[in-house]
Amino acid sequence: MTGYLHPLYARSLSEFGAPVELSQCGGWLLERRVPNSDLKDAMGCYPLFCCTDWTRLAADIEKIKDRYVTIALVVDPFAPVTTVDLSRYFQLVQPFKKHFIIDVTDSTDRHIDRHHRYYARRALRQIQVRLVDDPRACLDDWMRLYQTLVERHHLRGIKAFSKTAFATQFKVPGLVIFQASRNGRTIGLHLWYLQSGVAYSHLSAFDHEGYSLRAAYALHWSAIQEFKRNHAQELRWIDLGAGVGAKENGRDGLSIFKRGWATAEKAKYFCGSICDRESYEALIATNKIDSNYFPLYRAGELS
């Protein structure tokens with residue numbers, strides 16, 4: 001087990017819920033107390049729910065559903081399941097976001113936008129990029145950089161993470177970190193998880209100098225080259241993640257940036273079910289699933 005599949009990753013999110021192992025499918029949920037009640041619900045680990053045997057997910061859900069008011073999760077875009085399959089497991093299945101992906105078998109860099117090539121090469125003339133040998137050695141640098149990201153984008157809740165969470169994530173097998181530095185000082189870091197033939201872009205963060213020198217271009221360029229040249233036997237895809245916001249339209253700056261590297265796009269799905277309709281209705285005065293946000297009693301928590 002590596003990356004999001006590893007028990008340590010679920011444990012890293014323990015501040016937001018008690019990890020619950022789905023023993024048959026090999027996935028993990030977080031059990032949480034519903035605000036202002038004695039009830040509980042369950043969510044998939046942030047940012048993606050992954051498992052090793054999707055054919056057994058329904059059996060796991062059936063076994064635990066009586067404990068919860070609702071179950072909700074965001075499906076790994078590379079999961080070998082269809083929307084028809086997911087509809088057998090969940091009452092709500094809807095497209096959530098599109099991830100920008102790269103086919104590792106494309107050994108060229110022709111798919112990279114001309115603008116991106118220019119800024120990557122320009123950045124690489126001013127900064128140095130290397131693979132980090134021991135991820136745990138750069139935890140303090142990461143926290144310094146990530147705090148800039150938290151303040152810049154007003155992150156809160158599970159997206160803000162904590163040093164305790166990251167200390168655990170830095171121990172997860174499959175973690176690969178690229179470091180951008182200038183004059184011996186770290187100005188940017190990009191975290192990836194290698195898992196089941198996919199390199200997932202987990203998080204990246206920069207200080208003010210890193211932003212001004214466009215270190216993100218240098219880091220993405222270097223990661224793509226590294227994965228294509230030295231990991232082609234174990235990887236099939238590079239997943240750059242999605243754009244900004246729950247209702248992305250593909251025109252936000254992050255989507256434009258990621259699209260400039262990608263060879264294709266791949267949809268991921270949000271899934272949810274009401275397991276205890278009576279309690280759900282008592283919480284929000286309806287027993288219907290609102291596709292604009294689910295569950296409604298947690299509306300806005302990930303904004």
Side-chain angles (χ1 to χ4, degrees), residues 1-6 8-10 12-13 45-50 74 76-79 97 99-106 109 111-112 116 120 123-124 127-139 141-143 145-146 149 159 161 165-181 186-206 210 214-243 254 257-266 268:
M1 298 293 181
T2 60
Y4 299 128
L5 287 169
H6 197 276
L8 275 179
Y9 187 80
S12 78
L13 304 176
C45 290
Y46 178 84
L48 297 172
F49 175 83
C50 302
V74 176
D76 174 11
F78 290 93
K97 290 184 178 184
H99 279 217
F100 300 97
I101 63 174
I102 299 172
D103 184 345
V104 174
T105 63
D106 184 345
D109 59 12
H111 58 88
I112 300 176
H116 286 37
L124 285 166
I127 64 180
Q128 296 76 49
V129 175
R130 72 175 186 94
L131 271 171
V132 173
D133 295 326
D134 179 7
R136 287 172 287 187
C138 64
L139 179 59
D141 271 337
W142 172 254
M143 293 309 303
L145 299 173
Y146 198 71
L149 185 72
K159 292 182 179 181
F161 295 103
F166 281 129
T168 303
Q169 290 183 20
F170 275 40
K171 298 174 185 176
V172 173
L175 176 65
V176 174
I177 301 180
F178 291 85
Q179 176 193 51
S181 59
T186 301
I187 63 173
L189 290 165
H190 195 161
L191 281 52
W192 299 78
Y193 281 123
L194 307 191
Q195 169 194 318
S196 306
V198 182
Y200 293 86
S201 174
H202 181 49
L203 291 165
S204 60
F206 310 89
R214 293 185 169 92
Y217 288 91
L219 285 172
H220 274 75
W221 177 276
S222 299
I224 292 167
Q225 301 308 313
E226 169 68 19
F227 293 144
K228 284 188 175 186
R229 292 173 182 170
N230 298 322
H231 295 269
Q233 297 301 313
E234 62 181 290
L235 295 177
R236 179 65 175 83
W237 300 100
I238 300 170
D239 184 348
L240 302 175
L254 188 58
F257 175 77
K258 292 181 177 181
R259 187 180 292 113
W261 305 101
T263 59
E265 299 176 14
K266 196 170 184 64
K268 67 179 178 183

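Looking at heavy atoms from C-beta onward, L175 lies out of side-chain contact with Q169 at the 4.5 angstrom threshold. Counting heavy atoms from C-beta outward, L124 and V129 have side chains that approach closer than 4.5 Å. Counting heavy atoms from C-beta outward, M1 and P173 have side chains that stay 4.5 Å or more apart.
To the nearest 0.5 Å, atom NZ of residue K228 and atom CG of residue D109 are 7.0 Å apart. Remark: D76 CG to Q195 CD distance equals 6.5 Å, nearest 0.5 Å. With values rounded to the nearest 0.5 angstrom, Y200 atom OH is found 10.5 Å from I101 atom CD1. The line from CG of L191 to CZ of F178 is 11.0 Å long, rounded to the nearest 0.5 Å. Atom CH2 of residue W192 and atom CD1 of residue I238 lie 6.0 Å apart, to the nearest 0.5 angstrom. To the nearest 0.5 angstrom, Q179 atom CD is 4.5 Å from R130 atom CZ.
When all heavy atoms are compared, the tightest approach of A262 to I102 is CA-CG1, 3.9 Å. Looking at every heavy atom in both residues, G188 comes nearest to F206 through CA-CD2, 3.6 Å. Closest of all the heavy-atom pairs between G243 and K97 is O-NZ, 3.2 Å. For A199 against L235, the heavy-atom pair with the smallest separation is N-CD2, 3.7 Å. Between T2 and L194, the shortest heavy-atom distance links the atoms OG1-O, 2.8 Å. Residue P77 comes nearest to H99 through the heavy atom pair CG-ND1, 3.7 Å, listed as atom of the first residue, atom of the second, then distance.
Not counting sequence neighbours, the partners of S181 by the side chain to side chain contact (heavy atoms under 4.5 Å, CB included) test are Q128. Residues satisfying the side chain to side chain donor-acceptor pair (under 3.5 Å) test with H6, not counting sequence neighbours, are none. By the side chain to side chain donor-acceptor pair (under 3.5 Å) test, T105 pairs with D103, sequence neighbours left out. In terms of the side chain to side chain donor-acceptor pair (under 3.5 Å) criterion, Y193 has no residue partners (sequence neighbours excluded). In this structure Y146 satisfies the side chain to side chain contact (heavy atoms under 4.5 Å, CB included) test together with W142, L149, V150, L155, F161, F166, L203, A205, sequence neighbours excluded.
Here the side chain of S12 pairs no donor or acceptor atom with the backbone of T168 at under 3.5 angstrom. Counting only distance, with no hydrogens or angles, the side chain of H116 and the backbone of F257 share a donor-acceptor pair below 3.5 Å. A donor-acceptor pair is defined here as one N or O able to donate and one able to accept, closer than 3.5 Å; such a pair exists between the side chain of H111 and the backbone of W261. Side-chain atoms of K258 come within 3.5 Å of backbone atoms of L240 as a donor-acceptor pair (strictly under, hydrogens ignored).
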Going by atom type alone, with no hydrogens or angles, which donor-acceptor pairs under 3.5 Å involve a side-chain atom of residues 219-227 and a protein atom two or more places apart or on another chain?
residue : atom : partner : partner atom : Å
H220    : ND1  : A216    : O            : 3.0
S222    : OG   : A218    : O            : 2.8
Q225    : OE1  : R229    : NH2          : 3.4
E226    : OE1  : N230    : ND2          : 2.9
E226    : OE2  : N230    : ND2          : 3.4
E226    : OE2  : H231    : NE2          : 3.4

Can you list the steps and then say if E265 with R259 is a side chain to side chain contact (heavy atoms under 4.5 Å, CB included)?
CA-CA 8 Å; E265 299 176 14; R259 187 180 292 113; 3.4 Å; yes
Between R236 and V104, is the side chain to side chain contact (heavy atoms under 4.5 Å, CB included) condition met? List the steps.
CA-CA 5 Å; R236 179 65 175 83; V104 174; 5.8 Å; no
Does I177 form a side chain to side chain contact (heavy atoms under 4.5 Å, CB included) with C138? I'd like the steps, not just the answer.
CA-CA 9 Å; I177 301 180; C138 64; 3.9 Å; yes
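Between Y9 and Y4, the angle of the ring planes goes over 60°, which puts this pair in the perpendicular group of the 30/60° scheme.
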